[in-house]
Number of protein chains: 2
Amino acid sequence: MELSDAALCLEKLGNPTRLEIVRLLVRSGPGGLAVGEIQKHVGIPASTLSHHISHLVGAGLIWQEREGRVLRCQPNFGLLDALVSLLLAECCTGVEIAAARR
Amino acid sequence: MELSDAALCLEKLGNPTRLEIVRLLVRSGPGGLAVGEIQKHVGIPASTLSHHISHLVGAGLIWQEREGRVLRCQPNFGLLDALVSLLLAECCTGVEIAAARR
DNA sequence: TAAATATTTCGATCATAATGGAACTATTCA
DNA sequence: TGAATAGTTCCATTATGATCGAAATATTTA
């Protein structure tokens, strides 16, 4: 995973509303939640919510599946895991310049 | 950890330069890195770097310790761990509205 | 105390993000 | 086909973030 992709994801998660949406989906279990169900939880105008959701979809953090009139949203666990790994990757393995200092 | 605090941290980590700084520090091992050393890695003007670092310090993601003329920076592993946990917390435990659907 | 080094603060500019009402599109159902 | 429901896109406004040169501050060393 590229650093710039990771930063994009983190930036998207850095908005309180979007973080709430993703956490909601992570907890939601199989099937995820419809946009309208998410709206009941976060209580913001539909257009604002739609924008936030499209940010999340664009970053790959969630995906959607249409089921009749309803758009069901689910989290991308693989990407969330990758993100978490990248954040703590190579912990304490040393950086050249730091090594040179010793 | 509050959702709004987590979002603040993620927002800070969502900038590519700041993410690079934190990852650099995570890899750096005991002692961390001086601001000047970080600058050699990221290659941006001192004033810009200083702003990014103060964002990170403000969010609690890193801390600093003066050592003579040098300001040594270190990551806050505890906060990084808390962040990671929050992101995947209560995975699939279900959300009321989703449960009601079944 | 003056010069050198390390880093921050100031101040201004430019770019990007968040927000939400209104109009639009897609899908179902009578 | 027309009305209802679910969600998106358009558009404009307001707010926030990124950037960096120049000047300021802190610390050491000559």
Side-chain angles (χ1 to χ4, degrees), chain A residues 3-22 24-25 28 31-59 61-74 97-98 100-101, chain B residues 3-22 24-25 28 31-59 61-74 97-98 100-101:
Chain A
L3 186 127
S4 59
D5 296 328
L8 183 74
C9 287
L10 291 166
E11 181 209 311
K12 299 312 179 187
L13 292 171
N15 175 283
T17 302
R18 287 194 295 258
L19 180 57
E20 196 184 347
I21 293 169
V22 170
L24 211 53
L25 292 176
S28 74
L33 293 173
V35 172
E37 290 174 321
I38 295 173
Q39 193 184 3
K40 277 174 203 144
H41 277 271
V42 300
I44 58 175
S47 71
T48 305
L49 176 61
S50 185
H51 284 130
H52 283 306
I53 288 177
S54 77
H55 277 263
L56 293 172
V57 171
L61 286 162
I62 71 175
W63 52 278
Q64 296 179 303
E65 198 172 24
R66 182 169 281 278
E67 206 175 88
R69 266 181 296 207
V70 156
L71 257 181
R72 199 155 286 290
C73 305
Q74 297 208 224
I97 202 166
R101 212 177 58 234
Chain B
L3 186 128
S4 60
D5 296 329
L8 182 75
C9 287
L10 291 166
E11 180 209 311
K12 300 313 181 187
L13 292 171
N15 175 283
T17 302
R18 286 194 296 258
L19 180 57
E20 197 184 345
I21 293 168
V22 169
L24 210 53
L25 292 176
S28 74
L33 294 171
V35 172
E37 290 173 320
I38 295 173
Q39 193 185 2
K40 276 174 204 143
H41 277 271
V42 299
I44 58 175
S47 69
T48 306
L49 176 61
S50 186
H51 282 130
H52 283 306
I53 288 178
S54 76
H55 277 264
L56 293 171
V57 171
L61 285 161
I62 71 175
W63 52 277
Q64 296 179 303
E65 200 171 23
R66 182 169 280 278
E67 207 175 86
R69 266 182 295 208
V70 155
L71 257 180
R72 199 157 285 290
C73 304
Q74 298 209 225
I97 202 166
R101 212 177 59 234

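None of the values given here were measured: they were computed from a predicted structure. All chains are named by letter (A, B, ...) in the order of the sequence lines, taking the proteins before the strands, and each is independently numbered beginning at 1. In what follows, every heavy atom counts, from backbone to side chain, and hydrogens, waters and symmetry copies are set aside.
- Atoms CD (B:Glu65) and P (C:dA6) sit 18 Å apart, rounded to a whole Å.
- Looking only at side-chain heavy atoms (C-beta outward), A:Ile21 and A:Leu49 come within less than 4.5 Å of each other.
- Separating the CD1 atom of B:Ile53 from the C1' atom of C:dA6 is a distance of 12 Å, rounded to the nearest angstrom.
- To the nearest 0.5 angstrom, A:Ile38 atom CD1 is 12.0 Å from A:Thr17 atom OG1.
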Pull out every protein N or O sitting under 3.5 Å from an N or O of nucleotides 18-21 of chain D, one pair per line with the distance.
| from | atom 1 | to | atom 2 | distance (Å) |
| --- | --- | --- | --- | --- |
| D:dA18 | OP1 | B:Asn15 | ND2 | 3.0 |
| D:dA18 | OP1 | B:Arg18 | NH1 | 3.4 |
| D:dA18 | OP1 | B:Arg18 | NH2 | 3.0 |
| D:dA18 | OP2 | B:Arg18 | NH1 | 3.2 |
| D:dT19 | OP2 | B:His52 | NE2 | 2.6 |
| D:dC20 | OP2 | B:Thr48 | OG1 | 3.3 |
| D:dC20 | N4 | B:His51 | ND1 | 3.1 |
| D:dG21 | N7 | B:Ser47 | OG | 3.3 |
| D:dG21 | O6 | B:Ser47 | OG | 3.1 |

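- Of the listed nucleotides (D:dT9, C:dT8, C:dT27), C:dT8 has the atom at the smallest distance from the side chain of B:Val35.
- Taking atom CD on B:Glu67 and atom P on C:dT5, their separation rounds to 19 Å, with Å as the unit.
- Side-chain N/O atoms of A:Gln64 include none lying less than 4.0 angstrom from OP1 or OP2 on D:dA6.
- Under the side chain to side chain contact (heavy atoms under 4.5 Å, CB included) rule, B:Cys73 has a single partner from B:Leu33, B:Val57, B:Val35, which is B:Val35.
- Atom-to-atom, CG of A:Leu49 to P of C:dG20 comes out at 11 Å; the value is rounded to the nearest Å.
- In this structure, CZ on A:Arg18 lies 10.0 Å from CD on B:Glu11, to the nearest 0.5 angstrom.
- Closest to the B:Arg69 side chain, of the nucleotides D:dT29, D:dT8, D:dA6, is D:dT29.
- To the nearest angstrom, P of C:dT7 lies 13 Å from CD1 of B:Ile21.
- In this structure, CG of A:Leu56 is placed 12 Å from P of D:dT8, rounded to the nearest angstrom.
- Taking both residues in full, the closest heavy atoms of A:Ala6 and B:Leu19 are given as CB-CD2, 3.9 Å, listed atom of the first, atom of the second, then distance.
- A distance of 10.5 Å separates CG of A:Asn15 from CG of B:Leu10, quoted to the nearest 0.5 Å.
- Between B:Leu13 atom CG and D:dG17 atom P there is a gap of 15 Å when expressed in whole angstrom units.
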Check your understanding: Going through the checks in order, is the side chain to side chain contact (heavy atoms under 4.5 Å, CB included) test met by B:Gln64 and B:Ile53?
Key -> CA-CA 10 Å; B:Gln64 296 179 303; B:Ile53 288 178; 3.4 Å; yes
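- Residue A:Ile62 contributes atom CD1, which lies 12 Å from atom P of D:dG7 at whole-angstrom precision.
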